[in-house]
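A quick write-up on the structure given underneath.
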Amino acid sequence: MRVFVNLMLMATVLVAQSGCSTGLERRFAEVERMRVMAAEAGAEWLQTEELIKQAKTEATRGDMERSNSLLELAQFQAETAIKQAQHEADAWSGRVVQ
Amino acid sequence: MRKAIAAVVLIGATLLMQQTALAGAEEDRLAFVKYYKTRFPDIPFAEYANGIYAIDSDARGQWLEIEEFPPYEFAIEKGQERWETVFANGKTLADCFPQALQEIRVSYPRLDERLGEVVTLEMAINQCRAANQQPPLTYGDDEIIDITAFLAFQGRGKKLDVRVPENDPRALDAYESGKRFYYTKRGQLNLACADCHVTSVGQLVRADRLSASLGHTTHFPVYRSKFGGMISLHKRFAGCVRDVRAKPFALQSTEFRNLEYFLSYMGNGLDVNGPGARK
């Protein structure tokens with residue numbers, strides 16, 4: 001019985017770990033997608049790509065807290081850069097010297 | 001009959017739009033010149049070819065002293081050697097440029113009719129090398145900067161006369177794209193080129209005064225004491241973009257070539273006086 005419980009426990013942990021890994025990969029892919037969107041709009045910020053790289057390195061090292069915090073910062077930068085580009089699509093013309 | 005009328009109306013509308021855009025470019029330039037004239041009434045138009053030293057009298061003295069023994073002389077000499085280097089097929093770079101040597105610098109940037117895009121002097125040099133089965137030079141490296149330094153020196157005193165051909169909508173698009181780039185805020189600091197070089201021109205950023213954009217392209221390439229070497233105009237663009245904490249575009253990217261096209265058009269009528277020396 002104990003063997004069975006242990007096997008079930010191990011299986012649960014493995015499934016959970018695999019789910020976490022997939023979730024993390026999805027999160028990285030989403031932030032990267034936003035970075036590329038900002039870059040295509042010609043509006044990528046200086047550090048975003050580096051932040052994603054650092055977040056990956058920290059995740060590989062197992063420091064998930066640091067990885068998350070770097071990824072959140074990268075996401076904020078990418079999102080803000082996209083909003084900046086959307087705003088500037090019209091706003092720039094208001095600055096032309098008349 | 002209806003089709004013919006519609007075609008005539010369409011052609012007329014297209015021509016009108018092109019004329020309006022072209023008039024827009026010249027209106028932009030006149031407004032640009034007027035802005036700086038109003039901002040610095042005592043500075044003659046021709047002085048803007050000297051960049052920041054037109055408006056920073058303190059730094060001007062140091063610059064004039066540097067110009068007595070110009071740090072860019074080696075670049076000119078090396079550039080001449082490279083200009084005269086004979087390719088394996090017996091030709092040289094000069095064979096690709098039908099203009100007089102003194103006219104080459106002011107012939108760029110221009111819209112290449114075949115490519116339909118802005119071609120800069122650096123790009124034309126690499127096009128020439130490709131046509132002569134030579135590998136391209138790396139933009140930003142000394143080798144190509146030296147050649148442009150030599151050509152800029154030969155072209156000293158010639159006036160910028162950038163054309164936006166009215167019969168080519170691709171030229172108008174390139175001009176508009178450069179203009180849009182110039183006025184668009186970017187990066188973590190949310191700044192446009194115009195924020196520093198129009199709105200805050202002459203103000204201090206730490207210990208340096210912000211230069212006017214009128215004449216920004218006249219004196220490149222420049223020797224920068226800060227780096228102890230020559231840099232190209234696009235390297236400077238990349239530096240500015242990085243300074244506002246945005247990711248810079250590649251040297252000779254479409255974005256930077258169009259920006260060069262717009263800024264050079266704004267400087268029409270100013271002398272080309274490169275290579276230059278800057279802090």
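Because only heavy atoms are used, hydrogens play no part in the values below, and waters and symmetry mates are left out as well, while side chains stay in. Within every chain, numbering begins at 1; the chains are lettered A, B, ... in the order of the sequence lines, protein sequences first and strands thereafter. Source: prediction; values computed, not measured.
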Applying a strict 4.5 Å limit to non-hydrogen atoms, the region of B/F249 in contact with chain A is side chain
Under 4.5 Å to a heavy atom of chain A? For B/Q188 that would be both
Query raised in the report: Can we say B/E117 and B/R170 salt-bridge, meaning some charged N sits less than 4.0 Å from an Asp/Glu carboxylate O?
Result: no
So, B/E26 and B/Y265: side-chain donor and acceptor under 3.5 Å apart, yes or no? yes
> Is a salt bridge present between B/E47 and B/R60, judged by a nitrogen-to-oxygen distance below 4.0 Å?
Replying inline: yes
message: For B/D271, is there an ion pair with B/K158 - N to carboxylate O distance below 4.0 angstrom?
response: no
Those residues of residues 71-94 of chain A that come under 4.5 Å of chain B on a heavy-atom basis, listed by number, are A/Q77, A/Q84, A/E88, A/A89, A/W92
- Query: Should A/R33 and A/E30 count as an ion pair when the cut-off is N to O under 4.0 Å?
  - Reply: yes
| task | Establish, yes or no, whether the cationic atom of B/R186 lies under 6.0 Å from the six-membered ring centre of B/F181 and within 45° of the ring axis. | result | yes
If you tally heavy-atom pairs under 4.5 Å between each of B/N190, B/V244, B/V241 and chain A, the highest tally belongs to B/N190
The interface call for B/K179 against chain A, heavy-atom contacts under 4.5 Å, is both
Can you tell me if B/T120 and B/Q252 form a side-chain donor-acceptor pair at under 3.5 Å?
yes
Query raised in the report: Do the charged groups of B/D208 and B/R206 touch, with an N to O distance under 4.0 Å?
Result: no
